[in-house]
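Notes follow once the structure below has been shown.
Note that the numbering runs from 1 along the sequence shown for the chain. None of these values were measured; they are calculated from a predicted model.
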Amino acid sequence: GLSGDEISFTARIVAVADVFDALTSDRPYRSAMPVEKALSIICNGIDIEFDRNVVKALIDLIKEGMVIKEIGNVYRNLKFEDIQNLNQFLLSLTEQLIK
C-alpha cells in the first residue's frame with residue numbers, strides 16, 4: 001500500500017533492476033527482449049510503477065557503457081536491436097525523462 005517516497009529507495013532500485021533482468025533474460029515461455037525494447041517498457045512505467053530517477057540512472061549507466069561491461073559477464077546473450085543506434089536511442093530516452 002506504499003507509494004512514492006514512502007517506498008524505500010533501495011526497493012525502487014530493485015524494482016527497476018528486477019524488471020530489466022526479467023525482460024532481458026530468456027524465459028521458458030519467451031526469448032529475451034533486446035535492451036531497447038526492455039527500456040521502452042520500463043520507461044512507459046515511469047511515475048506509475050518505476051521511479052524516474054532510478055530509470056534515468058540505469059539509462060545513464062548503459063550510455064556510459066558501465067552496465068554493458070559489467071552485465072556482459074553475466075548476460076552473455078544480451079541482445080540489442082541495433083548497436084549502432086543504441087546511443088541515439090538512449091539519448092532520446094534521457095531527453096524524455098528530463099522533460
Backbone of Ser31 reached by a side-chain donor or acceptor of Asp26 within 3.5 Å
no
Please check: side-chain N/O of Arg12 versus main-chain N/O of Val54, any donor-acceptor pairing under 3.5 Å?
no
In Å and rounded to the nearest 0.5 Å, what is the SG to CD distance from Cys43 to Glu36?
12.0 Å
Carefully, step by step, assess Ile46 and Lys56 under the rule side-chain contact (heavy atoms from CB on, under 4.5 Å).
CA-CA 10 Å; Ile46 288 174; Lys56 185 177 180 315; over 6 Å; no
Does one hydrophobic cluster hold both Val14 and Ile41, with members joined at side-chain heavy-atom distances below 4.5 Å?
no
Minimal heavy-atom distance between Ala15 and Phe50, with the atoms involved, is O-CE2, 3.9 Å
Does Asp47 have more than 12 heavy atoms from other residues, nucleotides or ligands lying within 6.0 Å of its CG?
yes
So, taking the atom named CG in Asn53 and the one named CG in Asp60, what distance separates them when rounded to the nearest 0.5 Å?
10.0 Å
Does some side-chain heavy atom of Thr24 sit less than 4.5 Å from a side-chain heavy atom of Lys37?
no
Min side-chain heavy-atom separation Leu39-Leu58 under 4.5 Å:
yes
What I'd like to find out is whether the side chain of Leu23 reaches to under 4.5 Å of the side chain of Arg30, using heavy atoms alone.
yes
Shortest non-hydrogen separation from Asn44 to Ile48 and the atoms involved:
O-CD1, 4.0 Å
